[in-house]
Amino acid sequence: MNHLAAYETLGFFGRDPWWLVLLKAVFVFAFLVGTVLIAIVWERKVVAWMQLRIGPNRHGPWGLLQSLADGIKLALKEDLVVTGADKVVYILAPIVCAIPAFMAFAVIPFGPAGDEISIFGTRTPMQLTDFPVALLYILATASIGIYGIVLAGWSSGSTYPLLGGIRSAAQMVSYEIAMGLSFAAVFIYSGSMSTSEIVASQQPTWFAVLLPVSFIVYVIAMVGETNRAPFDLPEAEGELVGGFNTEYSSLKFAMFMLAEYVNMVTVSAVASTLFLGGWRAPWPVSVFWEGANHGWWPMLWITLKIQLLLFFFIWLRGTLPRLRYDQFMKLGWKVLIPVSLVWLVMVASVRALRNEGYGFGEVVLYVGAPIGALLLLALLRDVLRRKAEPDGEDGSPANGGAFDPMAGGYPVPPLPGQQLPPVPRRRSRAPQLQDALNGANHSEGS
């Protein structure tokens, strides 16, 4: 029945005339660009408020035209091309980075698929397109954008942009695995990869409530995917002088900035679609107002959810410091991916048992007991391992090890639990100076 319902929902797409498809595509582009302009001003205002500053207040009323002024400034700046750069790839990289960010938004539903609105007399769904593997399309287009960053770092002909591009590639691979695993739990519950069908299956309960671990993993992964603080390691100006876009200026730099903010809007829209009910109105509104999910109103609800998640991005930037790179990769490979795998197995087991007709108590017993036993064994293993390693090799003072920051030939910062050896200091010269001064006074008195 779920497959039949999915085919029926997808049957609403592919019927629009060419002019309506073009109009929808222009609307998606204008929506993304307009949201980016608002997000830039909003970010600067919110961060200024958090830091007890005024923020933009010169261009337009209350500084609302600041992002437009920034765009004009970037367009009028001198467009430099590095002498040692691969010029074709150097110019192509910002385009490769920006276009996939817009493409991923094509399958985001702004409303129900059942021909709810009329545009110039033509009934049409509030979505550009949809197909059975729409979420795989989002993952594919999101993965293409990394090529623009890598090519930008390589084509600049400089060491630090190349390091920033390589960092970004490793970062994308690490966090896209966890993101894909969080998607898989949604596939199991909804029975579809179509975005419109996933939103339709979140009735009456959103997947953020049914799948809280998947939602948390996705939120962390989407911050790492967009290179935003505290995960903005490819642009770590303290160590990479700006990262992969160091050698870019004018409109090419503006395209990188535009791609970052468009990606923020896209991942926020995906989070709203998969976990927050998509275009559906929040719980209190949907109960007291029957028409909240009909007509043009669904566009308002998904826009508000996107803005709420954009505020979450801004809040993180104004609150958390940047992570160290080894901490960042450890979070992706040793925390998010194992947690996602265990959660996915648990979700699949629960769904299989529920489909077989088992009760809630039996499902908790059959699924929760093995997981609890595994967690208990892991805890005992960690405790026994710590007791069995009094002379560990991690260099921590608790284990009796000595940390040598120059052991590899170059200075290395200490890891958590390690301490630098005391710095040798020369003997104070204060007594010598005092003796010299006393000797001079005696000589004058004599």
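Here, residue 1 is the first one in the sequence, and each next residue gets the next number.
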d(I188 CD1, S214 OG) to nearest 0.5 Å is 8.5 Å
Indicate whether any N or O donor in one side chain lies under 3.5 Å from an N or O acceptor in the other, for S158 and S156.
-> no
Requested in this report: Measure the acute angle between the ring planes of F215 and F275, then classify it against the limits of 30° and 60° as parallel, tilted or perpendicular.
Outcome: tilted
Heavy-atom closest pair (V219 atom, M222 atom, distance to 0.1 Å) is O-CG, 3.2 Å
To the nearest 0.5 Å, atom CD of Q307 lies from atom CG of L309 at 9.5 Å
Checklist entry - Quick check: does any side chain N or O of S250 sit under 3.5 Å from a backbone N or O of L74, one acting as donor and the other as acceptor? => result yes
For this session: Would you kindly say whether N227 and Q171 are connected by a side-chain donor-acceptor distance under 3.5 Å?
Result: yes
Here the pair of heavy atoms bringing A185 nearest to L344 is N-CD1, 3.7 Å
Do F328 and Y175 make the cut of ring centroids closer than 6.0 angstrom?
yes
Inset, instruction - I would like to know whether L136 and M193 meet side-chain contact (heavy atoms from CB on, under 4.5 Å); could you show each step before the answer? - result: CA-CA 8 Å; L136 296 184; M193 295 184 186; 3.8 Å; yes
Separation between CZ (R123) and CG (L20), nearest 0.5 Å, reads 12.0 Å
| message | Distance alone, cut at 3.5 Å: any donor-acceptor contact between the side chains of T226 and N263? | response | no
Closest non-hydrogen atoms of A104 and T266, given as atom of the first, atom of the second and distance, are CB-CG2, 3.7 Å
Separation between CD1 (I119) and CH2 (W19), nearest 0.5 Å, reads 7.0 Å
Criterion side-chain contact (heavy atoms from CB on, under 4.5 Å) on V347 and V213, from CA distance to verdict
CA-CA 10 Å; V347 169; V213 176; over 6 Å; no
M172 and I146 have their tightest heavy-atom pair at CG-CD1, 3.5 Å
- Query: How about Y248 and Y90: are their ring centroids closer than 6.0 Å?
  - Reply: yes
Closest non-hydrogen atoms of F31 and T35, given as atom of the first, atom of the second and distance, are O-OG1, 2.6 Å
Taking every heavy atom of V199 against every heavy atom of P109, the minimum-distance pair comes out as CG2-CG, 4.0 Å
Taken to the nearest 0.5 Å, the spacing of I302 CD1 from S272 OG works out to 5.5 Å
Give the C-alpha distance, both sets of side-chain angles, the deciding distance and a yes or no for side-chain contact (heavy atoms from CB on, under 4.5 Å) between F105 and F29. CA-CA 9 Å; F105 214 85; F29 178 81; over 6 Å; no
Any side-chain donor paired with an acceptor under 3.5 Å for R280 and Q203?
-> yes
Rounded to the nearest 0.5 Å, the CH2 atom of W18 sits from the CG atom of L22 at a distance of 6.5 Å
- Task: Kindly say whether the aromatic ring centers of F207 and Y218 come within a distance under 6.0 Å.
- Result: no
